[in-house]
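Counting from 1, the numbers follow the sequence of the chain as shown.
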Amino acid sequence: SQTAGYILDHIRICVVTQESGTSTLPQQQPKPLFGTQAYANLLWAWVTADRADHAAFGTVIRSLIQRQRSLLDDPPPPPARDSRGNMNNVDTRPVPQVWSNSVWAFATAQVYDGHEELLEFLAEMMDRDPDFVDRYKPQELSNTVWAIATLLSNQPTPINPQTQASALVILRQCARSMSRRASEFKTQELSNTIWGLATLGFGLKPLADSGYNNYVVLASQETDSDRELMQVAVDAIVRAAAIQLRRFQSQHLSNLAWALARLVDQNQKSEAVEHVLKGIGMQLCDQKRKATSQDIGMVLW
């Protein structure tokens, strides 16, 4: 274990030293050393091994963005034919797993050096490529929504307007994609997605108590359309959750109930929402189910 830690620390020092090194040519940025997947793997490995370093994260995410931007703006020429005469296609499109893992790493490690650039560039890519979000797997999409909510709700400083705008672009794209594919989501993915939307107050108007319970309300210039989109997403999640409530863990049930209480107007509850809330209560009545006092308390709240 100690040897593995020394290796990771040595890799971090090498990467930070080389990636942040200055070029001998004026006004020339250091050339990225790795591919996009390799950069994301570094972030994931450091977080998983509990060796996250703020300076290293900032250096790596900026190099990752630079690398992806160069692939989008100046894609490499196609490679020569192989020995069988086949041409290997080079796919320069952004890979959802790379960016989902990167946002997850920042949120899990609670790193705030480079997170603004990360969200801004991710929002830019989603606007640039309409099919990008639809290439996300359900777990990647739910992890992205969860990570952004975790990152911004715990941010120690006020969220600047550009970061709020970037987060809203990402949430809108994810909500649209999820609404079309909710039936493909597993229980934890449904729970994490709606929890993230509720934590950031997506589609809600800012209130005086917006800081209560450690969530925020992103400032939106499109409140009505965001509200409508949020309602469509919630409806899709509720309908997908209703048929698999028994498979939800108790914590995920309580997160679902809390999110519905946060997002759904009590005077406009649909039959589907009422059905799911009743189902959550019935599930927690099952003596065979493992439920903590916190799960029960949150559902009652």
Side-chain angles (χ1 to χ4, degrees), residues 35-37 39-40 43-44 60-75 91-107 114-153 155 159-182 184-185 189-190 192-203 216 218-223 225-234 236-237:
T36 56
Q37 185 69 63
Y39 284 121
L43 298 177
W44 180 89
V60 168
I61 199 60
R62 293 181 182 99
S63 295
L64 170 55
I65 291 172
Q66 181 188 351
R67 177 63 174 164
Q68 184 68 72
R69 192 180 296 279
S70 67
L71 289 173
L72 292 172
D73 296 340
D74 188 20
D91 191 352
T92 60
R93 298 180 303 174
V95 178
Q97 183 187 34
V98 167
W99 299 96
S100 174
N101 283 358
S102 297
V103 179
W104 173 88
F106 269 77
H115 78 291
E116 294 174 343
E117 294 99 317
L118 170 58
L119 296 186
E120 183 176 353
F121 186 67
L122 182 55
E124 177 187 332
M125 286 193 297
M126 288 185 174
D127 269 347
R128 184 170 183 166
D129 182 0
D131 298 326
F132 177 38
V133 180
D134 287 335
R135 298 200 300 272
Y136 274 66
K137 296 177 182 177
Q139 182 180 9
E140 295 165 349
L141 192 148
S142 67
N143 282 352
T144 298
V145 175
W146 173 89
I148 293 175
T150 300
L151 194 62
L152 297 187
S153 64
Q155 182 169 324
I159 308 171
N160 69 47
Q162 179 57 56
T163 301
Q164 294 199 50
S166 299
L168 281 170
V169 169
I170 298 169
L171 291 181
R172 289 168 187 147
Q173 294 282 7
C174 289
R176 292 188 185 100
S177 181
M178 189 282 309
S179 298
R180 298 191 295 267
R181 301 187 290 152
E184 304 172 15
F185 282 56
E189 295 161 358
L190 292 170
N192 283 354
T193 302
I194 195 171
W195 178 89
L197 295 177
T199 299
L200 292 176
F202 179 62
V216 297
L218 297 177
S220 172
Q221 303 299 321
E222 306 173 23
T223 305
S225 60
D226 284 346
R227 176 73 179 175
E228 182 178 352
L229 178 56
M230 179 271 288
Q231 291 173 336
V232 171
V234 168
I237 291 173

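Rounded to the nearest 0.5 angstrom, H115 NE2 and L151 CG are separated by 5.5 Å. Note that the OG1 atom of T193 and the CD atom of Q139 stand 10.5 Å from one another [nearest 0.5 Å]. Remark: E117 CD to R62 CZ distance equals 4.5 Å, nearest 0.5 Å. The structure places OG of S225 at 12.5 Å from CZ of R227, a figure rounded to the nearest 0.5 Å. Here the straight-line distance linking atom CG of D129 with atom CD of E124 works out to 12.0 Å at 0.5 Å rounding. From R69, atom CZ reaches atom CE of M125 across 9.0 Å, with rounding to the nearest 0.5 Å.
Other residues, nucleotides and ligands place more than 12 heavy atoms under 6.0 Å from the CD atom of Q231. Atom CD of E228 sits in a sparse spot, with 12 or fewer heavy atoms from other residues, nucleotides or ligands closer than 6.0 Å.
When M126, M178, Q173 are each tested for a side-chain contact (heavy atoms from CB on, under 4.5 Å) with Y136, only one passes: M126. Exactly one residue among L168, L152, L118 makes a side-chain contact (heavy atoms from CB on, under 4.5 Å) with T163. That residue is L152. Applying side-chain contact (heavy atoms from CB on, under 4.5 Å) to I148 and the options L218, T199, L119 leaves one that passes, L119.
A salt bridge does not link D134 to R93: none of the charged nitrogens lies less than 4.0 Å from a carboxylate oxygen.
Between W99 and F121, the ring center distance clears the sub-6.0 Å criterion.
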Take I170 and V103 through the test side-chain contact (heavy atoms from CB on, under 4.5 Å) and record every step on the way to the result.
CA-CA 12 Å; I170 298 169; V103 179; over 6 Å; no
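Among all heavy-atom pairs drawn from Q68 and V95, the shortest one is OE1-N, 4.5 Å.
Using modelled atom types and a 3.5 Å distance limit, the side chains of Q66 and S70 yield no donor-acceptor pair.
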